[in-house]
Amino acid sequence: MAKLAKLDDIVSLCKRRGFIFQSSEIYGGLASCYDYGPLGVELKNNVKKAWWKSTVQMRDDVVGLDCSILMHPMVWKASGHADKFADLIAECKKCNSRSRVDHLQDKDAEHSDEHTTHADIDAELATAHDMSNKVCPACGAVGQFTEPMPFKLMFETQMGANVDDSMLVQLRPETAQGIFANFKNVLDSTRVKIPFGIAQIGKSFRNEVTTKAFIFRTREFEQAELEFFCEPGTDEQWYQHWKEARFNWYLDLGIKKENLHFRDHDPDELAHYAKACVDVEYKFPFGQGDWQELEGIANRTDYDLRQHQRGIRSLNNWFESDKDLIRTKLIEESEDYLKGPLSYFDDQNKKRFIPYVIEPSAGIDRSALAFLVDAYDEEEVRGETRNLLRFHPALAPVKVAVFPLVKKDGMPEIARRIYDDLKGLFNCFYDEKGAVGRRYRRQDEAGTPFCVTVDGQTKEDNTVTVRDRDSMDQTRVNTTQLRTFLREKLDL
RNA sequence: GCGGGCGUAGCUCAGUGGUAGAGCGUCACGUUGCCAACGUGAAUGUCGUGAGUUCAAGUCUCAUCGCCCGCUCCA
């Protein structure tokens, strides 16, 4: 029986065994930033590899991409992030709750202006906001607000070493826009035909108002995103397809079924671009055992490609607004937008359309955390606690550890040869120090699926023992068959 | 951002204003022949950081940073 892991146990194990450290720890840490240690980087890379394998390698209809983190600022105007990511917030002095200023309602008003546009932050700040009559939606206090303060959810930086000459650019808040911006490049260079997808793994940055729970919500994080382009009308079918495919991916990599479920978004929580969205949620051991999002699968419709068709025609407005994204006006969609540069021509049916997009968007860091938490186990063995990580072999940082039973009688030399032979196939670890039982247990805690041990019998009949992490059972295998045996067991 | 809790060795934690500690882990040597064995020894501390009070601060005060829990937020 798997023990329910406490987050503290996981954090402690991560530090102790070199999975995850806090960033800049020797300086007291930097909030919300974490580093992956020697075992952690292997785990994380394996998560990415597994995603890439199932999403790109094993499919005939998906190609990969790796975009720069910095993009033309107008990308974020067209995508909507430049506007939607900046708000004026005021805080109620009485109950400390925060509200968007444009959502606040006057004492005598009948309803608030729910859909006020996100205006120029500087202009808004310069405008006097009469807060004296505003009602706090949380506690009902009137006129108790702080001065409005601006919130920018995108990271900004300067491009160009000459400070006077540098341009304000943003760190991408999602990798998806790099895919949309390259849609035409991929079409023109790869002979793909709709339906097809473009996949990408990479870092994104969001100035979250609140970070949370270890590596679960961080301001710098890694995403694995697929934009799957399909003909309008077939979108629902592909939405279902990817829902199922992505859910099974987690199960196939060992996540326990009872810890994973779907949560459909209510229509009013849908993002501005989405027609439908479902989250794959994992039951994390923080909070009150809350279900938390690992991945969102959204039907983004043709919103993004249409927006970029507007964006690329709006460059002059951007220059004329002194490159101020908020003041820049996007040109209205042209009447024949269906024939625009980001449209697709279906040769077979002689049809032109703007593709719909199904987007499975997974958080790599939070997936890695889920795999860690889910694999964590403690069990009683002869009155002692055995800590282990029951990783799926594909995710295990080290696949095989090789030991001499004792450090003498030529055993280390043989073990060393076996190790050298195996390490070209997959990540291996050699250890000859101390008692073999301790070495086994250490590997259990790192999640290593198999330990190969050279003993006295090895010299006589050329066999070694292969010890299984989960059952602790041992099998004798001839060294000539060892590679095949392990490959099969590891499914590599 | 608010409220609560916490921060001492790699980890878990003890420490009454008066010499910096334990268990586990790590390392070395010996022993050992299959599951965190045993023996001997060793290394590891800006007590989160900075000020203040005091003859004296890990301990009291203030500030600050970080983590956890609960609100709040989450395109």
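Here is the naming used below: chain letters follow the sequence lines, and residue numbers restart at 1 for every chain.
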| message | How many whole angstroms separate atom CD1 of A:Ile10 from atom P of B:rC67? | response | 18 Å

| request: Mind checking A:Arg439 for me? I need base, sugar-phosphate or nothing, with any heavy atom below 4.0 Å counting as a touch. | output: nothing

| message | Rounding to an integer number of angstrom, what distance separates B:rC11 and B:rC74 when you compare their P atoms? | response | 36 Å

| Cationic tip of A:Arg219 above A:Phe155 ring, under 6.0 Å, 45° of axis | no

| said: What contact category does A:Arg467 fall into here, base, sugar-phosphate, or nothing, at under 4.0 angstrom with non-hydrogen atoms? | reply: base

| message | Applying a 4.0 Å non-hydrogen cut-off, can you work out what A:Leu388 is touching in the nucleic acid: base, sugar-phosphate, or nothing? | response | nothing

| query | P atom, B:rG1 versus B:rU59: distance in rounded Å? | reply | 26 Å

| request: Look at the rings of A:His81 and A:Trp76 and say which category their plane angle falls in: under 30° parallel, 30 to 60° tilted, over 60° perpendicular. | output: perpendicular

| remark: For A:Thr479, the side-chain hydrogen bond (donor to acceptor under 3.5 Å, both in side chains) test, sequence neighbours excluded, returns A:Asn462

| request: In whole angstrom, give me the gap between the C1' atoms of B:rA56 and B:rU19. | output: 13 Å

| field | Pairwise P distance, B:rG4 and B:rU46 [rounded to whole Å] | value | 30 Å

| said: On RNA chain B, compare the nucleotides closest to A:Arg16 and A:Thr465; which residue's is nearer the 5' end? | reply: A:Arg16

| task | Round to a whole Å and report the spacing from CG of A:Asn207 to C1' of B:rG1. | result | 14 Å

| query | Who is the Watson-Crick or G-U wobble partner of B:rG66, with both distances under 3.5 Å? | reply | B:rC6

| message | Just the rounded figure in Å: distance from P of B:rG7 to CD of A:Glu25. | response | 16 Å

| task | Apply side-chain hydrogen bond (donor to acceptor under 3.5 Å, both in side chains) to A:Thr328 and list each qualifying residue two or more places apart in sequence or on a separate chain. | result | none

| task | For B:rU16 and B:rA57, measure between their P atoms and round to the nearest Å. | result | 16 Å

| query | Partner of B:rA43 by Watson-Crick or G-U wobble geometry, both contacts under 3.5 Å, or none? | reply | none

| request: For residues 25-37 of chain A, pull every pair meeting salt bridge (Lys or Arg N to Asp or Glu O under 4.0 Å), keeping only residues two or more places apart or in separate chains. | output: A:Lys15-A:Glu25

| message | Applying side chain to side chain contact (heavy atoms under 4.5 Å, CB included), can you list everything that pairs with A:Thr465, at least two apart in sequence or on another chain? | response | A:Tyr440, A:Thr453, A:Asp455, A:Gln474, A:Arg476

| query | If the C1' atom of B:rU8 is compared with that of B:rC13, how far apart are they to the nearest Å? | reply | 9 Å

| Just checking A:Gln22: base, sugar-phosphate only, or nothing, at a heavy-atom cut-off of under 4.0 Å? | sugar-phosphate

| Taking the same atom, C1', in B:rG52 and in B:rA36, what whole-Å distance lies between them? | 48 Å

| field | B:rU49 and B:rA37, which share atom name C1', separated by this distance in whole Å | value | 43 Å

| Looking at B:rC34, B:rA36, B:rC11, which one has an atom nearest to any side-chain atom of A:Val436? | B:rC34

| request: Using whole Å, report how far CZ of A:Phe450 lies from C1' of B:rC35. | output: 17 Å

| note | Across all chains, not counting sequence neighbours, the side chain to side chain contact (heavy atoms under 4.5 Å, CB included) partners of A:Asp279 are A:Arg263, A:His265, A:Cys277, A:Glu281, A:Glu293

| What one-letter contact string describes nucleotides 38-44 of chain B from 5' to 3', where B marks a base within less than 4.0 Å of any protein heavy atom, S marks contact via sugar-phosphate atoms alone, and - marks no contact? | -------

| field | Strand-adjacent residues in residues 27-36 of chain A, judged by heavy atoms under 4.0 Å from RNA chain B | value | A:Gly28, A:Gly29, A:Ala31, A:Ser32, A:Tyr34

| query | Can you name the side chain to side chain contact (heavy atoms under 4.5 Å, CB included) partners of A:Ala276, sequence neighbours left out? | reply | A:Tyr239, A:Asn299

| request: State which residues pass salt bridge (charged side-chain N to carboxylate O under 4.0 Å, His left out) with A:Arg441; sequence neighbours excluded, sorted by chain then number. | output: none

| message | Quick test of your reading of the model: are A:Glu225 and A:Arg172 salt-bridged, counting only N-O distances below 4.0 Å? | response | no

| field | Nucleotide B:rC74, atom P - distance to CE of A:Met154 in whole Å | value | 17 Å

| said: I want to verify a distance call: between B:rG33, B:rC34, B:rA36, whose nearest atom is closest to the A:Asp409 side chain? | reply: B:rG33

| task | Rounded off to whole Å, could you give me the CD-to-C1' distance for the A:Glu379 and B:rC35 pair? | result | 12 Å

| query | What is the nucleic acid contact for A:Asp455, judged by heavy atoms within less than 4.0 Å: base, sugar-phosphate only, or nothing? | reply | base

| request: If B:rU54 has a Watson-Crick or G-U wobble mate with both distances under 3.5 Å, name it; if not, just say none. | output: none

| message | Pairing check on B:rC71: which nucleotide meets the Watson-Crick or G-U wobble criteria with it, both distances under 3.5 Å? | response | B:rG1

| Lys/Arg N to Asp/Glu carboxylate O, A:Arg467 vs A:Asp444, below 4.0 Å | yes

| said: Please enumerate all residues that pass salt bridge (charged side-chain N to carboxylate O under 4.0 Å, His left out) together with A:Lys203, with sequence neighbours excluded. | reply: A:Glu220

Within the sub-3.5 Å range, which N or O atoms of nucleotides 27-32 of chain B have a protein N or O partner, and how far apart are they?
residue: B:rA28; atom: OP1; partner: A:Lys433; partner atom: NZ; Å: 3.4

| task | Provide, to the nearest angstrom, the distance between the NZ atom belonging to A:Lys15 and the C1' atom belonging to B:rA9. | result | 10 Å

| A:Lys275 and A:Asp235: CA distance, side-chain angles, deciding distance, salt bridge (charged side-chain N to carboxylate O under 4.0 Å, His left out) verdict | CA-CA 10 Å; A:Lys275 175 176 158 187; A:Asp235 49 314; 2.9 Å; yes

| Which base, if any, makes a Watson-Crick or G-U wobble pair with B:rG21, both distances under 3.5 Å? | B:rC13

| To the nearest angstrom, how far is A:Glu384 atom CD from B:rA37 atom C1'? | 10 Å

| message | Looking only at the side chain of A:Arg217 (C-beta and beyond, no hydrogens), which of the listed nucleotides B:rC34, B:rC11, B:rC74 gets closest? | response | B:rC74

| field | Nucleotide opposite B:rG30 in a Watson-Crick or G-U pair, distances under 3.5 Å | value | B:rC38

| field | Non-neighbouring partners of A:Glu380 that pass salt bridge (charged side-chain N to carboxylate O under 4.0 Å, His left out), sequence neighbours left out | value | none

